[in-house]
Asker: 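First, the structure itself, so that you have it in front of you.
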Amino acid sequence: MPQGKPDIVPDDGLTTRQRRNRPLLMVHTGPGKGKSTAAFGMALRAWNQGWPVGVFQFVKSAKWRVGEERALRVLGDSGEGGTVAWHKMGEGWSWIRRPGADHSDDAREGWAQIKRDLAAETYRFYVLDEFTYPLRWGWLDLDDVVETLTGRPGAQHVVITGRDAPERLVEVADLVTEMGKVRHPMDTGQKGQKGIEW
């Protein structure tokens with residue numbers, strides 16, 4: 001386990017152990033690749049600890065067969081670590097918003113389900129994948145999201161992924177990572193490929 005001395009010890013009345021084990025709100029944002037991948041890596045660690053894991057995907061098609069989903073479902077069913085539940089919110093789509101399609105109701109229902117699960121402490125680790133998009137598009141009430149996530153009960157960790165995380169969300173998060181992009185094959189017209197993008 002990494003050791004070190006913090007620059008500042010908060011005067012919050014917590015013991016070192018209590019502070020070390022407090023639940024975290026984490027945000028992976030930025031224009032670079034790897035935000036969801038890093039969150040799924042954390043979900044693997046949670047699974048290994050025996051924690052129930054809930055994955056909520058907001059803008060990836062329900063038709064896509066992504067490797068992380070298959071791997072985590074197999075692991076969740078193995079009886080070796082924690083359970084894994086995978087939820088795809090609505091029809092699923094990516095960067096293209098189809099004319100006439102309104103996914104805001106699906107996003108609101110997805111958020112309502114997350115709120116119910118947080119209140120019931122259904123999972124110990126939540127991945128809210130591509131969750132920044134319904135926030136940026138105004139489909140969800142940012143005040144409600146911030147209040148719910150910062151006031152969640154128990155020892156529930158939450159990681160949110162997606163570009164352009166709202167500043168208010170970044171301000172209340174315990175851990176924020178911004179993925180930068182130096183170069184990507186898609187910049188030169190190469191399409192996504194198996195084993196790399198899914």
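The model shown is predicted, which means the values in this text are computed figures rather than measured ones. We number each residue from 1, following the sequence as shown.
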Asker: Is the centre of the Phe131 ring less than 6.0 Å from the centre of the Trp111 ring?
Answerer: yes

Asker: Please report the closest heavy-atom contact between Ala39 and Val159, naming both atoms and the distance.
Answerer: CB-CG1, 3.8 Å

Asker: Would the Trp86 and Tyr126 ring centres measure less than 6.0 Å apart?
Answerer: no

Asker: Any sub-3.5 Å donor-acceptor pair from Gln113's side-chain atoms to Gly110's backbone N or O?
Answerer: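 The answer is no, because no donor-acceptor pair under 3.5 Å joins these two groups.
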
Asker: Which atoms form the tightest heavy-atom contact between Gly162 and Tyr133, and what is the distance?
Answerer: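 Gly162 and Tyr133 have their closest heavy atoms at CA-CE1, 4.0 Å.
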
Asker: To the nearest 0.5 angstrom, please state how far the CD atom of Gln156 sits from the CZ atom of Phe125.
Answerer: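 Atom-to-atom, Gln156:CD and Phe125:CZ are 12.0 Å apart.
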
Asker: Determine, for Glu109 against Arg116, whether the closest basic-nitrogen to carboxylate-oxygen distance falls under 4.0 angstrom.
Answerer: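 A salt bridge is present here (some side-chain N lies under 4.0 Å from a carboxylate O).
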
Asker: Would one find more than 12 heavy atoms of other residues, nucleotides or ligands at under 6.0 Å from atom CZ of Arg70?
Answerer: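 No.
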
Asker: Establish whether Leu25 and Leu14 are linked, either directly or via other cluster members, by ILVMFWY side-chain heavy-atom contacts under 4.5 Å.
Answerer: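 No; Leu14 is not reachable from Leu25 via cluster members.
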
Asker: With sequence neighbours excluded, tell me which residues meet side chain to side chain contact (heavy atoms under 4.5 Å, CB included) with Val176.
Answerer: Val27, Val170, Ala173

Asker: So, for Pro153 and Glu121, which heavy atoms are closest and what is the spacing to 0.1 Å?
Answerer: CB-OE2, 3.7 Å

Asker: Decide yes or no on side-chain contact (heavy atoms from CB on, under 4.5 Å) for Ile160 and Leu149, but give the supporting numbers first.
Answerer: CA-CA 11 Å; Ile160 294 169; Leu149 293 176; 3.7 Å; yes

Asker: Verify side-chain contact (heavy atoms from CB on, under 4.5 Å) between Val55 and Glu68, making sure each step is shown before the conclusion.
Answerer: CA-CA 10 Å; Val55 177; Glu68 296 96 340; over 6 Å; no

Asker: Restricting to pairs with a member in residues 139-159, which pass salt bridge (Lys or Arg N to Asp or Glu O under 4.0 Å), not counting sequence neighbours?
Answerer: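 Output for this query lists Lys115-Asp144, Asp143-Arg168.
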
Asker: Which heavy atom in Ala43 sits nearest to a heavy atom in Val127, and how many Å separate them?
Answerer: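 Of all heavy-atom pairs spanning Ala43 and Val127, the closest is CB-CG2, 4.1 Å.
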
Asker: Measure across Glu178 and Pro31 and return the closest heavy-atom pair with its distance rounded to 0.1 Å.
Answerer: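 Shortest heavy-atom separation between Glu178 and Pro31 comes out as OE2-CD, 4.3 Å.
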
Asker: Would you please test Val53 and Leu72 for side-chain contact (heavy atoms from CB on, under 4.5 Å) and show each step?
Answerer: CA-CA 9 Å; Val53 174; Leu72 280 166; 5.6 Å; no

Asker: Between CG of Asp129 and CZ of Phe56, what distance do you get to the nearest 0.5 Å?
Answerer: 12.0 Å

Asker: How long is the gap from OG1 on Thr16 to CZ on Arg20, to the nearest 0.5 Å?
Answerer: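 It is 9.5 Å, given to the nearest 0.5 Å.
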
Asker: Would you say Trp47's side chain and Leu75's backbone share a donor-acceptor pair under 3.5 angstrom?
Answerer: yes

Asker: Could you list all the side chain to side chain donor-acceptor pair (under 3.5 Å) pairs where at least one residue sits in residues 185-195, not counting sequence neighbours?
Answerer: Lys181-Asp187

Asker: Which pairs with one or both residues in residues 24-49 pass salt bridge (Lys or Arg N to Asp or Glu O under 4.0 Å), sequence neighbours excluded?
Answerer: Lys33-Glu197

Asker: Could you name each residue pair satisfying ring-ring contact (aromatic ring centres under 6.0 Å, His included) that touches residues 141-177, not counting sequence neighbours?
Answerer: Trp51-His157

Asker: Between atom CG of Asp12 and atom CZ of Arg22, what is the distance when rounded to the nearest 0.5 Å?
Answerer: 8.0 Å

Asker: If I take atom OG1 from residue Thr132 and atom CG from residue Leu169, how far apart are they, to the nearest 0.5 angstrom?
Answerer: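 Here the interatomic distance stands at 8.5 Å.
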
Asker: How many angstroms lie between CG in Leu128 and CE in Met26, if you round to the nearest 0.5 Å?
Answerer: 10.0 Å

Asker: Test side-chain contact (heavy atoms from CB on, under 4.5 Å) on His87 and Gln57; report intermediate values, then the result.
Answerer: CA-CA 6 Å; His87 308 276; Gln57 287 192 299; over 6 Å; no

Asker: Holding to side chain to side chain contact (heavy atoms under 4.5 Å, CB included), I want the full list of residues that pass it with Thr177, two or more places apart in sequence or in another chain.
Answerer: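 Counting only residues at least two positions away or on another chain, Thr177 forms a side chain to side chain contact (heavy atoms under 4.5 Å, CB included) with His28, Leu175, Met179.
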
Asker: List the steps, then state whether salt bridge (Lys or Arg N to Asp or Glu O under 4.0 Å) holds for Glu130 with Arg163.
Answerer: CA-CA 8 Å; Glu130 312 290 6; Arg163 295 175 183 224; over 6 Å; no

Asker: Do you know which two heavy atoms are closest between Phe58 and Pro134, and how far apart they sit?
Answerer: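 Distance-wise, the nearest heavy atoms are CD2-CG, 3.9 Å.
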
